[in-house]
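Reading through the structure tokens given below for one structure.
For clarity, every value in this text was computed on a predicted model and none was experimentally measured. We name chains A, B, ... by the order of the sequence lines, and we start the count at 1 in each one.
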There are 2 protein chains.
Amino acid sequence: MARSQTTKKLTRIQRQRTDIILEAALDVFSDFGFRGSTIDMIAKRAKLSKPNILYYFDNKEAIHVTVLAKLLETWLAPLHAINEDNDPIDEICKYIEQKLNMARDFPRESKLFANEILQGAPHVLPELQGALKDLVAQKVKIIEAWSKDGKIAQVDPHHLFFSIWATTQHYADFDIQVRSVLDDNTKDPFDTAGPFLKTMFSTMLTP
Amino acid sequence: MARSQTTKKLTRIQRQRTDIILEAALDVFSDFGFRGSTIDMIAKRAKLSKPNILYYFDNKEAIHVTVLAKLLETWLAPLHAINEDNDPIDEICKYIEQKLNMARDFPRESKLFANEILQGAPHVLPELQGALKDLVAQKVKIIEAWSKDGKIAQVDPHHLFFSIWATTQHYADFDIQVRSVLDDNTKDPFDTAGPFLKTMFSTMLTP
DNA sequence: GTCTATATCGAGATAGAC
DNA sequence: GTCTATCTCGATATAGAC
């Protein structure tokens, strides 16, 4: 049994090693998917030997699961931050900006997540049906309250979230298509996407 | 060299066989990605033997490339249909509806395409930079003309297309997440997504 | 054209020395 | 804890009979 699986307490050096492995694994998995990635690739990127990787993790799947678990934490953070007491349109715009910043700054995480969902979420389905569903339900209520109070227009809150997720993550997941279609490659798509999306969503939400 | 690669002319039975193989391949590739799929899976689904598959196609990659080429044709059809002479908002709404219908009726194609783009478009990059880019450039001009004539609001046409692609395809590619988040699984997400998206985009585009 | 049998190879995982 | 060497298996692709 690999060291990291048996106990929670790790020495500093062990913690470092697993972090290096997870960082390399994120690189590889996000580029080639789970099945397209090999332990050898991860080992090379981490500058460790293949058996050494398997000393820290039971098997390839364990690495994948750990990477996904880490990513989910940060992935849901912006949604948590939506606050009922602030101005509704400001809150939504802030959320869009945060999601777009994450797509720009963490494209590997976005692609890895997209890959996992595309394959039917074999490793994160429980989280989708549990933590994510509950969190969304909570924020849906906020949107509904805003609508009821006439602070924003009447919209389907679920589809609002789906649209924000889809449009922001698109710039990370489909970046090769975005850059292929845009003629002027000197301009960063993210710079113009922000204003566009904020305009679109606030126009719809303005009562 | 496999039969189907040497000449263009195929007998009726050969054409049938290759169609059966491509149909099975679409099933398998869209579920497991290129690397996660095996020729055996395709053979089983097509009810043919593995060597028989390789009689019709040189190798696994040739099957993948052929499936992608077929799918791209149908994939771009709705974009072609956008007509400058009709009412702008009607045309955009029609486009959204067609894209959403395709996501509903051809989820395998949508997922396969998403997978290919996520991996960096190894097999369709030339088409993205050629046919797709040209087609988009042409339709971007139509949007710009509509804006200039005051028929629709001023929007960035590229980001408009990106957003339509992202939001519609989301319901096919991320369906497992969509269904996990929605409490009531009896209702079809597509039924409510159509009105939502049409409202969102026409609100933004109304001058 | 289609099959069975098989060569070959890449990759996950382990054994055991140090 | 980390390494080299190796086992093992699954998958691509081919050989050759029918």
Side-chain angles (χ1 to χ4, degrees), chain A residues 1-68 115 119 122-123, chain B residues 1-25 27-29 31-67 119 122-123:
Chain A
M1 183 68 98
R3 183 73 180 79
S4 66
Q5 306 299 305
T6 50
T7 67
K8 302 284 179 184
K9 281 286 175 199
L10 300 177
T11 66
R12 192 183 54 81
I13 190 84
Q14 285 166 340
R15 184 72 218 160
Q16 262 182 7
R17 281 276 192 281
T18 56
D19 279 350
I20 288 171
I21 294 170
L22 291 174
E23 172 65 19
L26 179 57
D27 253 2
V28 176
F29 283 141
S30 65
D31 262 12
F32 304 100
F34 178 71
R35 307 225 203 185
S37 305
T38 71
I39 301 181
D40 240 356
M41 293 185 203
I42 298 172
K44 281 212 176 65
R45 184 99 38 151
K47 293 183 180 172
L48 295 170
S49 71
K50 184 160 59 169
N52 200 1
I53 302 278
L54 290 167
Y55 170 79
Y56 286 100
F57 291 91
D58 278 358
N59 49 42
K60 184 176 152 183
E61 198 176 9
I63 308 176
H64 194 236
V65 169
T66 308
V67 170
L68 278 173
N115 230 309
Q119 311 292 326
H123 293 138
Chain B
M1 184 68 99
R3 183 72 180 79
S4 66
Q5 306 298 307
T6 50
T7 66
K8 303 285 178 183
K9 282 285 176 201
L10 300 177
T11 66
R12 191 181 54 83
I13 190 82
Q14 284 166 339
R15 184 73 218 158
Q16 262 182 8
R17 282 274 192 281
T18 56
D19 279 351
I20 289 172
I21 295 170
L22 291 175
E23 172 66 19
D27 253 2
V28 176
F29 282 141
D31 264 12
F32 303 100
F34 177 72
R35 307 224 202 187
S37 305
T38 71
I39 301 180
D40 238 357
M41 293 185 202
I42 299 173
K44 281 212 175 64
R45 184 100 39 152
K47 292 182 180 172
L48 294 171
S49 72
K50 185 160 57 172
N52 200 0
I53 302 278
L54 290 167
Y55 170 78
Y56 286 100
F57 290 90
D58 278 358
N59 49 41
K60 186 175 149 183
E61 199 176 9
I63 308 176
H64 193 236
V65 169
T66 309
V67 170
Q119 312 290 326
H123 292 137

Rounded to whole angstroms, how far apart are CG on A/Leu48 and C1' on C/dA13? 17 Å

Would you please test A/Phe57 and A/Leu22 for side-chain contact (heavy atoms from CB on, under 4.5 Å) and show each step? CA-CA 10 Å; A/Phe57 291 91; A/Leu22 291 174; 3.7 Å; yes

Just do the side-chain contact (heavy atoms from CB on, under 4.5 Å) check on A/Leu48 and A/Arg17 with the steps written out, would you? CA-CA 9 Å; A/Leu48 295 170; A/Arg17 281 276 192 281; 3.9 Å; yes

What is the distance, rounded to the nearest whole Å, between atom CZ of B/Phe32 and atom P of D/dG10? 16 Å

B/Ser49 side chain near C/dC3 phosphate (N/O to OP1/OP2, under 4.0 Å): yes

Does OP1 or OP2 of D/dA11 have a side-chain N or O of B/Arg35 closer than 4.0 Å? no

Can you measure A/Leu54 atom CG to C/dA15 atom C1' for me and round it to whole angstrom units? 13 Å

Identify, between A/Pro51 and B/Lys50, the residue whose nearest nucleotide on DNA chain C lies closer to the 5' end. B/Lys50

When you check the phosphate oxygens OP1 and OP2 of D/dC3, does a side-chain N or O of A/Asn52 lie under 4.0 Å from one of them? yes

Without decimals, in angstroms, what is the distance between A/Tyr55 OH and D/dC3 P? 12 Å

Closest heavy-atom contact between B/Asn59 and B/Ala62? OD1-N, 2.9 Å

A/Asp40 CG to D/dA5 C1', in whole Å, measures 14 Å

Find the distance A/Lys60:NZ to D/dT8:P and express it as a whole number of Å. 21 Å

What is the distance, rounded to the nearest whole Å, between atom CZ of A/Arg17 and atom P of D/dC3? 8 Å

Tell me whether the side-chain N/O atoms of A/Tyr56 come closer than 4.0 Å to OP1 or OP2 in D/dT2. yes

Interatomic distance where NZ belongs to B/Lys47 and P belongs to C/dT2 [whole Å]: 16 Å

Could you give me the CA-CA distance, side-chain angles and deciding distance for B/Thr38 and B/Phe32, then say whether side-chain contact (heavy atoms from CB on, under 4.5 Å) is met? CA-CA 9 Å; B/Thr38 71; B/Phe32 303 100; over 6 Å; no

